[in-house]
Amino acid sequence: MRIGILGASGFLGYDFTRLMLGEPDADITVIATSASNLTNLSRHDIPIRLVSYRQMQKGAFGADFDWLVNFAHPFQPRDGLSQKQQISILGDALLGALARQANLRLIHISTMSVYEPFAGNTYFAESHAPKPPQDDTYASSKALLDAHLLKQPAVAERIMLPRPTIVYGPFCRPWTDGILSAFLSGDVLYRSLDGRMQPLFSGDLCHLLKDAIQGRFCAGPINVAGDEEMTWMQFLSFFQSIANAGGLEHYDGPAAKEPSAADDIRTVINTLITEPAFIRLAKPISRWIPKRTRVRKEAKAREEIATAGDKVGTAMPFVKPFFAEDRLVSRERFTATYPEFAFTALQANRDLLGRYATFRFSDTPFGLKP
Amino acid sequence: MSIESTLIIGGGAIGVQHHLPRVRRLLGSKLIKIYEPDEARAEVLAAEFRGDPVVTVHAAIPNEAFQLVIVATPPKFHAAYFKEFAERCDACIIEKPLALTAAECAEIADIARSSRAMVFVPMIRRALGGYRLIAELTQAQAFGRLLSVAATEGGVFSWAATSLGSFSRALNGGGVLMDTGPHTIDVLLQLLDDLECQQAYMDGFAPAVEANCELQLTTAEDVPVTLLLSRNRQLSSEVELTYEDATVTIGVRGSLAKVLRHDGISYNLLPADIDSGKDPSFAELFDLWYRRFVLTGDNHGVGPDEATKTARVIDAAYRLAQPIEGGF
């Protein structure tokens, strides 16, 4: 069984790849769109094809696989292509591969975020037409790719779109590293953590995908939610107990500042002034800019470049309204399709996540005896 | 050192984003050729530098002489390119690690001794004064006898790699031990003179590469030294030296040393030639290294012999490597 995995450098893609490496009949090839994040994958003997979006545009893969599993999603402009252009290229490449090879099946990892905006006490089913707000770039771009993939009825029966909920597990930046590092840095502020969610362990999702490949394929969108429903307060408290540091402090101060258009312009300018092409263009007029301004900008740009990679996870704005809102999906289709699928309870992952926290955030040796 | 013409071999991130601006800005080179054998990458670079009066991009290797040649390819190709240009340049910067093995490094060092080119290896932390200061204080037994050393360097890999080079055993020779390793081991060698590898643990083996590496080393005086390197862990990235009378901690990219005397008194040590205790950014450190060594034409401490010493430790570590159990 020849399996091409896109986006295997991300935490979920890597988990799945590692799981499938243990399957004797799985012949894995990783298709990477960038060489910048292959740390975990490169520890294994797996063929890696570097295929840029430009190359993908020319139809670079498909014919040599029985399965394509896509975890990839473009988040920012790259190779001179906008996010929208990359989504279109990726969607066309996947559809093109399905069109070229009649036996090929695609599992495309979608997200529950396509149901944004959620509503209190409402369980969103797969039949709910995704229409996330345009200013929610993540949700709207994921919905765009879903729609792109489902537009051709001729191949729709060969596409499975799992829509996982809040996924946590080793190397997950937002919902594991971000939370652990927030507690390890000190107290975590919150306004309301009353929103309910259905956390999903990354290992469970990967086992489901493996099952799908091994005969339990289910065409179309399918919500994948863990079978525990809890508040963010319960979820964060669990991670606080793993980190064994920091506290949860209620916060009544002013709301966190949302990025404004001025911030976006500032970001564009800050990006632009570090581009060699811009520097060359600007050189002839640079003598008109006060020297102090030039020096300050250069120093700031350098500092940003130098420190950009040192941040694990993202700053977790736990005071945001996001954590007060319910984000729930219907499990009906899932339980009807996979009635015997067993999920791992959050508490059952305590030891694993504890070891992971030690691995990720401390100097404890794992080979040498302390 | 005044540089008129430069050849950069390898159009990856280190050559184009880090060496090129410094060759232009700090050395004032009037002609810079980039040789990039990958045609697709060469095309991208040619578009980026179109109209640039100084920089041109070439998919075939130029055959003229240059004042400065920078070898910024994966280490597999370093020795071959150096041999090709050793008599066709005045100075040659060869990226770290100098070569895939200590034997190749020694060969480069031998050729460099009898060739026209002065070789620089960008061990950029040699531009920092803190390690020299601690080495001198250790020598003078200012804190009593040195008892042990623990060093770590790790963060989530964030290099803007443009090829699979950093993740290829064939091209890079290994993983974290071949990219971060030479810098950290060089810091230890500045502090401790000589190191021998006793034990090594890793989480990736040929044909794969390691993201984590744990070494047990000893100094010539039998002082135990542990070193943890990682591409996927957030390690403290510090060197901690424990003496009879004090513990001294210094960042692996810094100059400020914190001294905690065992009688409870603590203070900071900062070399007089450093303005602030803040660790310099990668870009600032690269500038410092160019100014301190390349611009002055002095490769003392950053030549091929020092790089060979580092490579010997790395060679031994790969020979002794055992698998890490229980990591992620």
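A, B, ... follow the sequence lines: proteins, then strands. Residue 1 opens every chain. Any value given below was found using the heavy atoms of this structure, including those in side chains, with hydrogens, waters and symmetry copies removed.
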Query raised in the report: Any side-chain heavy atom of B/L228 within less than 4.5 Å of one from A/P365?
Result: yes
Query raised in the report: Measuring heavy-atom distances to chain B, does A/D79 have an atom under 4.5 Å in its side chain, in its backbone, in both, or in neither?
Result: neither
Report summary line: So CD of B/E43 and CZ of A/R54: to nearest 0.5 Å the spacing works out to 11.5 Å
Report task. Please check if atom CD in A/Q347 has more than 12 non-hydrogen atoms from other residues, nucleotides or ligands closer than 6.0 Å. Result -> yes
Query raised in the report: Should the ring pair A/F359 and B/F328 be called parallel, tilted or perpendicular, given that the plane angle runs from 0 to 90° and is split at 30 and 60?
Result: tilted
**Report entry** Separation of A/L41 CG from B/F167 CZ (nearest 0.5 Å)
**Finding:** 9.0 Å
Query raised in the report: Given a strict heavy-atom distance threshold of 4.5 Å, which part of A/P170 is in contact with chain B: side chain, backbone, both, or neither?
Result: side chain
Query raised in the report: For A/S52, is it the side chain, the backbone, both or neither that has a heavy atom under 4.5 Å from a heavy atom of chain B?
Result: neither
Report summary line: Between B/R233 and A/T358, the two heavy atoms sitting closest are NH2-O, 3.6 Å
Query raised in the report: How long is the gap from CG on B/L235 to CG on A/D363, to the nearest 0.5 Å?
Result: 5.0 Å
Requested in this report: Compare all side-chain heavy atoms of B/R231 with those of A/S42 and state whether any distance is below 4.5 angstrom.
Outcome: yes
**Report entry** A/T39 versus B/N232, side-chain donor and acceptor atoms under 3.5 Å
**Finding:** no
Query - Proximity breakdown for B/L20 and chain A, heavy-atom pairs closer than 4.5 Å - result: neither
Requested in this report: Measure distances from B/Y201 to the heavy atoms of chain A and classify the residue's part below 4.5 Å as side chain, backbone, both or neither.
Outcome: side chain
**Report entry** Contact origin within A/R18 toward chain B - heavy atom pairs under 4.5 Å
**Finding:** side chain
Query - chain A interface, residue from B/A206, B/A208, B/A13 that has the most non-hydrogen pairs under 4.5 Å - result: B/A208
Query raised in the report: Between the side chain of A/R360 and the main-chain N/O of B/Q234, is any donor-acceptor distance below 3.5 Å?
Result: no
**Report entry** Heavy-atom proximity to chain B below 4.5 Å, by part of A/L352
**Finding:** both
Requested in this report: Can you tell which part of B/Q216 gets under 4.5 Å to a heavy atom of chain A, answering side chain, backbone, both or neither?
Outcome: both
Requested in this report: Could you tell me which portion of B/T152 (side chain, backbone, both or neither) has an atom closer than 4.5 angstrom to a non-hydrogen atom of chain A?
Outcome: side chain
Query raised in the report: Roughly how far, to the nearest 0.5 Å, is the NE2 atom of A/H44 from the CG atom of B/D203?
Result: 8.0 Å
Report task. May I ask you to test the B/N212-A/F366 pair for a side-chain heavy-atom distance under 4.5 Å? Result -> no
Report task. Answer yes or no: is there a side-chain heavy-atom contact under 4.5 Å between A/L368 and B/Q199? Result -> yes
